[in-house]
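Residue numbers start from 1 in every chain, and the chains themselves are labelled A, B, ... in the order their sequence lines are given, proteins ahead of strands.
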Amino acid sequence: MPRYNPADIEPKWQSYWEQNKTFRCPELPDPNGKGKLYVLDMFPYPSGAGLHVGHPEGYTATDIYCRYWRMQGKTVLHPMGYDAFGLPAEEYAIRTNTPPRQSTEANIANFTRQLKMLGFSYDWDRCLATTDVDYFRWTQWIFLILFDTWYDPKARKGRPISEMPIPEDVIAKGPEQVASYKDRFRLAYQDDALVNWCPALGTVLANEEVIDGKSERGDHPVQRIPLRQWMLRITAYADRLLADLDLLDWSTGIKKLQADWIGKSTGAEVDFKVSCKNGTALGEESIRVYTTRPDTLYGATYMVVAPEHPLVHRITSAEQSKVVEEYCKAASFKSDRDRTEGDKQKSGVFTGAYAINPMTQKPIPVWVADYVLGNYGTGAIMAVPAHDIRDYEFALKYDLPIVQVVEPIQGTPQELEEIRSGKVCFAGEGIAIAGRELNGLSTKDAKAKVIESLERTGLGRGAVNYKLRDWLFSRQRFWGEPFPILHELREDGQPNGQIRAVPMSHLPVDLPHLEDYKPHGRPEPPLGKADASWLYVELDGKRYRRETNTMPQWAGSCWYYLRFISPKCSDAFVDRQQEAAWMPVDLYIGGAEHAVLHLLYARFWHKVLHDRGYVTHPEPFQKLVNQGMILSYAFKDHRGALVSVDLVEEDQDGNAKHRQTGETLQRIVAKMSKALKNVVDPEIVVKEYGADALRLYEMFMGPLEATKPWSMQGVNGVRNFLDRAWRLIVDSKSEQMQLNDSVKEVEPTAEQDRVIHSTIAAVTQDIENLSFNTAIARMMEFVNHFTKETIRPRSAMETLTLLLGPFAPHLAEELWHALGHKESLAYAPWPKAIEEKLRVASVEIPVQVNGKVRAKVSMPVGIDDQATERLARENDRVSELLVAKELVKVVIVPGKMINFVVKP
RNA sequence: GUCGCUGUGGCGAAAUGGCAGACGCAUUGGACUUAAAAUCCAAGGACCCGUGAUAGGGUCGUGUGGGUUCGACUCCCACCAGCGACACCA
């Protein structure tokens with residue numbers, strides 16, 4: 001036992017922690033402690049492949065942070081769970097013909113085993129999975145809260161639907177009309193929308209799940225078809241989701257990503273009257289456009305409506321109707337990808353109609369073009385080709401007039417001439433020209449003036465738009481939360497269009513047993529195949545059919561951080577008192593891939609729950625940190641093709657050669673992939689080097705937020721450090737577990753004290769800043785220093801063990817035990833750096849002449865500037881360099897350096 | 001195309017206005033050993049001058065070019081490269 005053997009001590013301490021419930025977290029923070037700390041990991045999706053090395057990176061970081069703060073006396077909530085609904089489990093189920101619940105449970109068991117193997121200090125009693133019936137019962141409950149909430153724009157918050165004012169004329173039309181009026185304002189509502197239908201996956205997808213016209217998962221083609229779907233009105237919260245980013249301690253990068261996704265823009269809506277060519281008005285028809293540049297209204301030389309625009313057909317002239325018809329039809333078949341991809345040549349057709357520019361009163365042609373989106377703004381634009389690059393391209397292609405109305409503030413005469421002549425598009429801000437009353441105004445002032453004039457004449461108004469769209473919330477899959485919604489049936493068994501919520505007391509709505517949940521390529525959900533006993537419900541004398549869509553995977557992860565607070569609470573989704581005590585999450589660590597979707601969705605749900613009085617804070621995640629991706633080395637041949645790692649041979653000089661062709665290969669860094677055979681399995685690393693070595697290496701590789709390549713030699717390096725730490729304290733030659741002979745019951749020397757206390761100070765600082773790589777470097781220096789000492793004070797060894805505790809907990813517990821302690825060190829007080837012990841008598845001060853270090857002079861600490869200069873001048877080399885030179889000035893940073901500036 | 005991040009020894013990195021390269025890997029030398037492994041100790045940016053060899057000294061050096069400063073890896077401007085996100089949002 002005298003040698004450091006992680007295979008022995010790691011399982012031993014893991015079962016000690018488990019048996020003693022060392023990391024059990026109390027229901028409420030200890031009132032006598034130093035406050036609460038809620039540290040959360042983004043919970044994993046339990047895939048069949050098990051953990052990869054990316055998981056333990058964030059998990060180790062939070063674990064170190066938690067173990068540290070426990071030792072500092074905080075009550076720490078640090079839970080773990082599983083995001084287990086979703087497509088991969090269902091795909092796997094279909095492939096292997098096992099029920100998804102069965103494979104999901106097996107995967108969860110495997111993940112739990114692997115996570116426990118790494119010694120994380122989770123309170124496992126709080127473990128949950130989004131697929132637990134007891135969990136998704138409350139996911140359904142929250143959905144019903146969304147269903148029961150409308151957004152009151154005056155109060156700027158969500159309120160119960162019962163408090164919504166109903167117009168008299170609606171009330172007059174009877175209860176059915178009132179019900180459907182209410183339904184239109186709910187935060188969870190149904191809508192016939194063009195959706196992203198993916199036949200291969202057999203489900204619709206949210207806009208965010210479609211990448212370049214293909215499904216994010218599986219890369220299958222996606223079509224746009226109209227379908228009745230559940231939507232969540234996240235757009236109502238766009239402004240607050242944007243504004244409240246200011247409250248958060250997140251990186252500016254992530255905040256910007258979210259802000260860009262919300263995409264707020266300000267401008268104006270302008271109404272253009274429509275006429276036919278000869279100037280006769282076409283009834284009272286007008287088209288409303290949205291623009292961020294109302295100041296360029298005088299430069300609008302044509303108008304474009306989206307192919308989906310409701311007025312397209314009404315305004316199209318008889319001559320143009322055939323081409324317009326065809327164009328719109330073609331556009332409807334195109335996916336978003338087809339509309340944006342390729343050479344990006346814009347296309348469009350003239351409708352034959354004209355619109356009157358409200359400023360110039362001149363008619364401008366109205367075109368249909370698919371570069372204008374139907375679902376943003378008003379679905380129509382005024383085109384100002386002189387000052388918008390897209391309009392400019394379109395105008396060039398179809399030979400439409402280009403009229404400059406803004407002059408840049410700076411530019412060479414040549415550039416200005418090119419803009420004037422229409423050879424170049426100027427999209428920036430400048431000074432208004434050719435716009436009568438606007439002449440000479442800055443872009444900002446001109447915008448304000450135009451809006452003011454539009455509002456006066458009633459032809460327009462200031463307006464705000466968001467890129468954010470409502471969240472498409474239903475999926476046609478089996479493995480998700482069923483919607484707690486019932487559709488009322490007529491006598492003939494068909495729905496009559498009325499819906500109602502499943503009473504909250506009837507929750508949960510469990511998934512039915514299905515023999516066959518394969519997708520069939522049609523948009524009817526698999527739950528439609530459930531037994532009549534599940535599908536049909538009688539309530540209050542009426543017959544209903546259950547909603548058969550299921551919720552998307554995001555649903556469960558929108559609120560899991562709340563359930564962790566009181567996972568067993570049976571009468572509410574979270575215990576009120578405990579929620580108030582633990583929220584918000586103080587530190588949330590996870591991958592940057594969730595920067596937009598998960599974090600935005602969860603913030604939205606949280607705000608609704610906050611408005612409805614169920615949670616105390618406006619935001620769920622106070623501090624967010626994104627761990628960097630872990631990459632692996634890969635090899636490239638002369639053509640740039642990647643070569644699988646098992647085909648590569650490295651010689652002693654580290655040159656990589658192709659095993660078969662002998663070609664010299666270039667080493668690069670790439671994502672781990674099965675195809676390249678460069679995936680690192682954490683379980684194998686644990687078997688070979690130990691969990692503590694894995695943890696330590698993941699932290700030592702570099703800064704937490706950086707992307708960094710994996711190196712097995714690096715793992716060996718930190719393992720070597722753990723061995724050295726072990727031998728520093730333990731007698732590795734003895735058969736018995738006993739302390740190294742050098743460990744003595746003595747006081748540290750002054751020099752040893754400096755090492756001890758500067759290490760404590762540095763490690764403490766580094767942990768609080770999440771700079772774990774440098775913290776480990778400081779402990780290595782400590783071990784290097786004391787390895788050379790033949791008398792090692794026992795107190796110093798205890799300090800090292802405590803510092804090591806958060807990083808390599810198994811090793812530290814074993815050493816702590818060897819040093820004679822009976823209890824775990826999990827709650828032992830963290831060492832304190834003592835200021836006086838850090839003091840040194842003298843320091844080496846670099847002496848510069850003209851900014852170059854020419855000498856180092858030892859000086860007493862706390863020396864004044866005069867004495868510093870005197871001692872520096874006394875140095876032979878310095879005086880030599882200063883002789884016969886004219887001194888310009890002397891710069892002194894006390895205790896740091898001195899610089900003589902001389903004329904050369 | 002737009003935005004963001006990154007660029008420092010053979011490699012992972014440290015230093016965020018004050019001694020560039022802490023710490024680790026790999027490498028080299030030494031001690032221990034019959035030998036090897038393990039362990040322990042030590043060396044190391046490049047080039048030049050100097051010496052018998054040491055010691056010592058100089059010039060250059062943090063992607064490139066400019067700037068600010070007594071002093072720049074660090075701040076500012078422009079550019080290049082790699083990675084990532086978004087991508088007709090008017």
A.B. asks: I need the OH-C1' distance between Tyr371(A) and rA90(B), as an integer number of Å.
C.D. replies: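 The answer, rounded to whole Å, is 8 Å.
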
A.B. asks: Hey, does the side-chain of Lys346(A) have a donor or acceptor N/O within less than 3.5 Å of a partner on the base of rC88(B)?
C.D. replies: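 Such a pair exists between side chain and base.
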
A.B. asks: Once you round it to whole Å, what is the distance between C1' of rC5(B) and CD1 of Ile254(A)?
C.D. replies: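 Ile254(A) atom CD1 is separated from rC5(B) atom C1' by 11 Å.
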
A.B. asks: Please confirm whether Tyr302(A) and Phe394(A) have ring centers closer than 6.0 angstrom.
C.D. replies: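 Yes.
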
A.B. asks: Under a 3.5 Å threshold, yes or no: a donor from one side chain and an acceptor from the other, between Asp470(A) and Thr235(A)?
C.D. replies: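 There is such a pair (donor and acceptor under 3.5 Å, judged by atom type) between the side chains of Asp470(A) and Thr235(A).
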
A.B. asks: Under a 3.5 Å limit for both distances, which nucleotide forms a Watson-Crick or G-U wobble pair with rA26(B), could you say?
C.D. replies: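 The answer is none; no pair meets the criterion.
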
A.B. asks: Considering every strand and a 4.0 Å limit on heavy-atom distances, what is the contact class for Asn465(A): base, sugar-phosphate, or nothing?
C.D. replies: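 Answer is nothing: Asn465(A) stays at 4.0 Å or more from every strand.
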
A.B. asks: Considering only NZ, NE, NH1 and NH2 on the basic side and carboxylate oxygens on the acidic side, decide whether Arg873(A) and Glu869(A) come within less than 4.0 Å.
C.D. replies: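 Looking at Glu869(A) together with Arg873(A), the answer is yes, because their closest N to O distance falls below 4.0 Å.
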
A.B. asks: Who is the Watson-Crick or G-U wobble partner of rU39(B), with both distances under 3.5 Å?
C.D. replies: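 Here rU39(B) is engaged in a pair, and the nucleotide opposite it is rA31(B).
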
A.B. asks: Report the glycosidic orientation of rG9(B): syn if within 90° of 0, anti in every other case.
C.D. replies: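 Syn conformation here, the glycosidic angle of rG9(B) being no more than 90° from 0.
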
A.B. asks: If pairing requires Watson-Crick or G-U wobble contacts with both distances under 3.5 Å, which nucleotide is the partner of rG7(B)?
C.D. replies: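 For rG7(B), the partner nucleotide comes out as rC80(B), under the 3.5 Å rule.
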
A.B. asks: Using only modelled atom types and a 3.5 angstrom limit, is any donor from either the side chain of Lys889(A) or the base of rC70(B) paired with an acceptor on the other?
C.D. replies: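 Donor-acceptor pair under 3.5 Å: no.
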
A.B. asks: To the nearest angstrom, how far is Arg724(A) atom CZ from rC41(B) atom C1'?
C.D. replies: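 Distance check: Arg724(A) CZ to rC41(B) C1' gives 10 Å.
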
A.B. asks: Considering every strand and a 4.0 Å limit on heavy-atom distances, what is the contact class for Lys256(A): base, sugar-phosphate, or nothing?
C.D. replies: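 Sugar-phosphate, backbone atoms only, no base.
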
A.B. asks: How about Lys733(A): does its NZ atom have over 12 heavy atoms from other parts shown lying under 6.0 Å from it?
C.D. replies: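 No.
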
